[in-house]
Amino acid sequence: MGESNDDIDQMFSTLLGEMDLLTQSLGVDTLPPPDPKTPRAEFNYSVGFKDLNESLNALEDQDLDALMADLIADISEAEQQTVQTQKEFSQNQNYSASLEASNFRGTASVGYGADVPAVSISQYEDELPPPPPDPMLDLPPSPPPPKPLSKEEEEAQAKADKIKLALEKLKEAKVKKLVVKVHMNDNSSKSLMVDERQLARDVLDNLFEKTHCDYNVDWCLYEIYPELQIERIFEDHENVVEVLSDWTRDTENKVLFLEKEEKYAIFKNPQNFYLDNKGAKEGKKTTEKMNAKTKESLLEESFCGTSIIVPELEGALYLKEDGKKTWKRRYFLLRASGIYYVPKGKTKTSRDLACFIQFENVNVYYGIQYKMKYKAPTDYCLVLKHPQIQKESQYIKYLCCDDATTLNQWVMGIRIAKYGKTLYDNYQRAVARAGLASRWTNLSTANTAPPGSPSTGLKTGSTQSNGQIPQAAPQASTVFQEAQRQAEAAKDKPAHLPHDPGAPRAQQLRKPGPPTPPAHRSSEPGTDPPPPPKATPPMPRATPPHFDLSPPPEDLLLPPPPPPPPPPPPEDEDEVLPPPPPPPPSEFSDAPPDFVPPPPPPPFAAPRAPPTGGVKRPPALPRRSENPGPASGEQDFMSDLMKALQKKRGQLP
Amino acid sequence: MAGMKTATGDYIDSSWELRVFVGEEDPEAESVTLRVTGESHIGGVLLKIVEEINRKQDWSDHAIWWEQKRQWLLQTHWTLDKYGILADARLFFGPQHQPVTLRLPNRRALRLRVSFSKPLFKAVADICRLLSIRHPEELSLLRAPEKKEKKKKEKEPEEEVFDLTKVVLAGGVAPVLFRGMPAHFSDSAHTEACFHMLSRPEPPPDPGLLQRLPRPSSLADKTQPHSRWLDSSRCLMQQGIKAGDTLWLRFKYYSFFDLDPKADQVRLMQLYEQARWDLLLEEIDCTEEEMMVFAALQYHINKLSQSGEAGEVASTDPGLDDLDAALNNLEVKLEGSAPTDVLDSLTTIPELKDHLRIFRPRKLTLKGYRQHWVVFKETTLSYYKSQDEAPGDPIQQLNLKGCEVVPDVNVSSQKFCIKLLVPSPEGMSEIYLRCQDEQQYAHWMAGCRLASKGRTMADSSYASEVQAILAFLSLQRSGGSGGSGNHTQGPDASAEALNPYGLVAPRFQRKFKAKQLTPRILEAHQNVAQLSLTEAQLRFIQAWQSLPDFGISYFMVRFKGSKKDEILGIANNRLIRIDLAVGDVVKTWRFSNMRQWNVNWDIRQVAIEFDEHINVAFSCVSASCRIVHEYIGGYIFLSTRERARGEEQDEDLFLQLIGGHEAF
């Protein structure tokens, strides 16, 4: 067992090294998340795919390979261990090597370029379970750091664990993660990692904890398309990654975190949607002041039956004619099956209606300042489009209402027709959450605090705060250097070779994007001595050595990882982001893929970096491109990791 | 006791002779004459009658009906005096339960014995128990419409009438399931067939019949059926129903409580049937798009039921259901994640490769279809100039995930096109694939459809999807050739016999040709093709409930102070005043704001008071005001069910609400 374990450990160490580098380059807390446990977790990035979908597609094949290799390795390891022959050992090595190789190929981190503060998502996939989540999930089953533990005794156990682990990896494998920069009301922003499975609700919960806002049901994720001048509330049940995946790489779209009373207006005052439309106007008066009980019964009636009731909406709206700047007034009706209009000379009976649009493939957005943009009769516009459409197109439909009330009624009505009872369920969850919230705040703060302090203890400079570039930067660079040195000196494994091929590819991919990248790169090479041309390759190589640094694992582990993120959750990043605007824009726009996610660091680097260490700074840029993912993610998983480790530690001794 | 007489034969007590007819309400009927006194109990009288008749028979169901008072003498301990019966009373000794023919929501006829002595509310509950329909309070009986004498009587084919008159339910015992049906249905082949009739969808009606059946042409017409509802608080006998009469059983209150596919097999099916007929006979209007969805669901449901398994397996074995669901889930999961892909790569990744003609509509291009080598793998479609270039870069590659797939098919002209609308950041790109024949089309089409949902051809549903498309094509073939269905084979010949006209309301028959209709139904069908029978039924019912006009019962009324007739619509939560001529809603009142309502039986006026002193009064024109009254009371009763969930319905409350306060 010892041998193969070593092998695993090595791989793991490589991984860790990578992680460390990433963190450091970001200027986040440096201490490596030295968790021996997550043997094979690695971050993969793919840079510069033409668009997201493409990159995803590309990833899949490679993912498969890697996954397969991984799986086989696991199984074979287990078997081999029982036999305990040298041969197998060597075999394992091969496996691991191939593993690494595949990982590199597959890696992808895409940043969305954004002019400045604008959006930003960086994406990376981990084929193997990302270290952070892994430890958590595996906590009990995962083979405790093989080395430290006295092994042989529980060989069988280990075997079982491995199989389990392999299975779990299968599950975890290919969980896509994005680092999303979320903008706040006050112009600050936060980056957080969102994995493929998370719904808007989860992200909101996450943000609640980070911002310490009240847990009002009105808080929402809000999507803005500056180019189309449209915006929309994320529904709580929507899969965030899925939505963001529709954005193009160079998008200016942003995600905001703010309060919108429109979000659940219908549940707070159902009478405004269900009662005031039909019949006489006197109705309005009476319905305005509806007591809570009648509201409740109205909601129950509308949402709790065998089928939900869509508010009866009808009235004249302006429709922007295809390709023209004219708006035509038509009589529209909302039905559960879609929006209809009354054709000329016809009545509004069901049989005469013509279908305008059905909701299956479209989302509804608010159109902003369309009076200016499209000469709309009013600024109360709504837009219907397929979520994947990002540019002006004849397939986007524009409607204009007379007033804000009508607009809100229509948007709400369409959402009800589209999502049905889900919306009500969302609301109820939000309410429940709001109720729970106050209790949890205390707890959560307590939790976050501890990790922070230990980290500081370890590395003072870096730990202080992410925001503090000067400190972090130097550290990162030094670490990096060390890593490189070690890498060169230490092992030249086959694994490294694959790296290089990977790098070129990444560059190729990038090309399609902005032409500017070259400029950046030039700076990059300089910074990274070992791999002259490309910044990307160095990272991987550096990792193995890095591992060595981290080894003191067990002891160090606990304190270091979480430090940066947890302690100053709200402020650090927020502050960072805003400043960059002026300088970074040019850079970012150029190399969108990489940079976007890590926004905070780059800006600094550019403007302020010079003083700290001009030479080294630049290299950081390339890394960031890759880092973005992990870095921002780190906050989350670092603390997770931390917890996991602590737990584990408790068990081990 | 009564009838003491002297030796001379003179009666010395105060007894008198009471004549009771036995059997039907018929002057010619056999009669017995008894000697009774005013103190005689009804029970004693009954005994005497049986003795007089002196026939061995089960008399337990018999009771005395007092014709003049239109009342059953059911209180056996009451005396004749207490009932006020004198010698001139015309009494009939007959069975309380008599056979009637029920016309079910699915339009099939069923003979069964119904209580003529219990209030209708209870009688309906009994019927529903027999038919295993839960929540009988939602149903009621209507008189059959008077048949207009038509000369073409023969045209109506003799229809099969199921007979359940022999079936007796043990009282008070919850029906036991046996072989997937309530035990009392499993006695004989006939009753079993009857249960299948109740629980399986009827085939689409003959389009010609649809054309002939009366359809409401105006709001006023829609008020007609509602004048025929029977009174829930009185018994059938009191309402002039005779043994052997035909009555309609229908869902009366459109407030369906706790629909549960597992427990409500028959209820769901009958509800579906009622909804279907509502739509087909244009009792409720819908848009064209909605009609296509309804048609697709009908087609789907019909197909499933004909292919057999679906209905029974799914409904009878919940365990299997769960298993299926679990398997499905698993499948989905596997599909969505890498593992299957891994497995796939180990075996084979299903893909389609072929020469297809492709057309990309562009502005200012006159180019038509061009032959390309097309490869369809996973969810991605790539095309190349030729097969030789396939290893290289494709001309274009499209990921079909999330795209719109529209069939563009004309079987008779052998046109098999697939129109794809593929979303991209710039908008939708349109592309047409033209296939050579049905087989090729079916395979590519199925692949496109799965891909649009993010699934690959490795999906287990691929094969069935291909079959479904082929089946639909054959349907189109027959539809196109006038519905004669003289065409060949086809994996399921059932589909062939289908005529799209049987699935849509007649006005669409006039509007579209069959071959126009078929592709549209096919298009809608692709969204529902994966539903199970019950899911499809539920979907159908839900779509029906989502129609704006759903669940409104119309009455012609005259509001107080108004000089013209107007329409009053009653729905489960509101009253609607509608302009008779235009059909516009004038005013809506909600039950939740209602304070009280009163009926003035003398002037047939209903007065309702709402919050804030809004008072409304109207007299009923098209129907008795007690029907309107009962509708309102009924809905209010039904709205109380939430709280009393699971408990037996409170009949008294119901009867109180629908109030038998009418002055006789």
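To find a chain, count down the sequence lines: A is the first, B the second, and so on, and within it residues start at 1.
Side-chain contact check for A/K348 versus B/D584: some heavy-atom pair is nearer than 4.5 Å. At a threshold of 4.5 Å between non-hydrogen side-chain atoms, the residues B/E282 and A/R351 count as touching.
Heavy-atom distances place the side chain of B/L421, and not its backbone, under 4.5 Å from chain A. At a 4.5 Å heavy-atom cutoff, the contact between B/N527 and chain A is made by side-chain atoms alone. In this structure, chain A has a heavy atom under 4.5 Å from the backbone of B/S424, while its side chain stays farther away. For A/E392, the part sitting under 4.5 Å from any heavy atom of chain B is the backbone (N, CA, C, O) and nothing else. With a threshold of 4.5 angstrom between heavy atoms, A/L333 does not approach chain B through any atom at all.
The structure places OG of A/S393 at 8.0 Å from CE of B/M428, a figure rounded to the nearest 0.5 Å. Note that the CG atom of B/L259 and the OG atom of A/S307 stand 10.0 Å from one another [nearest 0.5 Å]. Note that OG of A/S297 and CZ of B/R590 are 7.5 Å apart. Values are rounded to the nearest 0.5 Å. Rounding to the nearest 0.5 Å gives a distance of 8.0 Å between CG of B/N399 and CD of A/Q388. Atoms OH and OG1, on A/Y274 and B/T588 in that order, are 15.0 Å from each other to the nearest 0.5 Å. We find the OG1-CG distance between A/T294 and B/N593 to be 7.5 Å, quoted to the nearest 0.5 Å.
In this structure, B/E426 places its CD atom where more than 12 heavy-atom neighbours from other residues, nucleotides or ligands lie under 6.0 Å away. Within 6.0 Å of CG on B/D393 lie no more than 12 heavy atoms contributed by other residues, nucleotides or ligands. A 6.0 Å sphere centred on CZ of A/R415 holds more than 12 heavy atoms belonging to other residues, nucleotides or ligands. Summarising the local packing, NZ of B/K401 is surrounded by 12 or fewer heavy atoms from other residues, nucleotides or ligands at distances under 6.0 Å.
Ranked by heavy-atom pairs under 4.5 Å with chain A, the list B/R507, B/K511, B/E404, B/M291 is led by B/R507. When A/V310, A/L298, A/I389 are compared by the number of non-hydrogen pairs under 4.5 Å with chain B, A/I389 comes out ahead. For the set B/P548, B/A543, B/S592, the count of heavy-atom pairs under 4.5 angstrom toward chain A peaks at B/P548. Of the residues considered (B/S546, B/G402, B/C286), B/C286 shows the highest number of contacts with chain A, using heavy-atom pairs under 4.5 Å.
Counting all heavy atoms, side chain and backbone alike, B/D549 lies closest to A/S350 at OD2-OG, 4.3 Å.
Under the 4.0 Å criterion applied to side-chain N and carboxylate O atoms, A/R335 and B/E289 are not assigned as salt-bridge partners.
Side-chain contact, B/E290 with A/S337: a donor N or O sits under 3.5 Å from an acceptor N or O. A/Y395 and B/E430 are linked by a side-chain donor-acceptor pair at a separation below 3.5 angstrom, with hydrogens and angles left out of the test.
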Test side-chain contact (heavy atoms from CB on, under 4.5 Å) applied to A/E301 and B/N572, step by step: CA-CA 10 Å; A/E301 173 184 307; B/N572 67 350; 5.6 Å; no

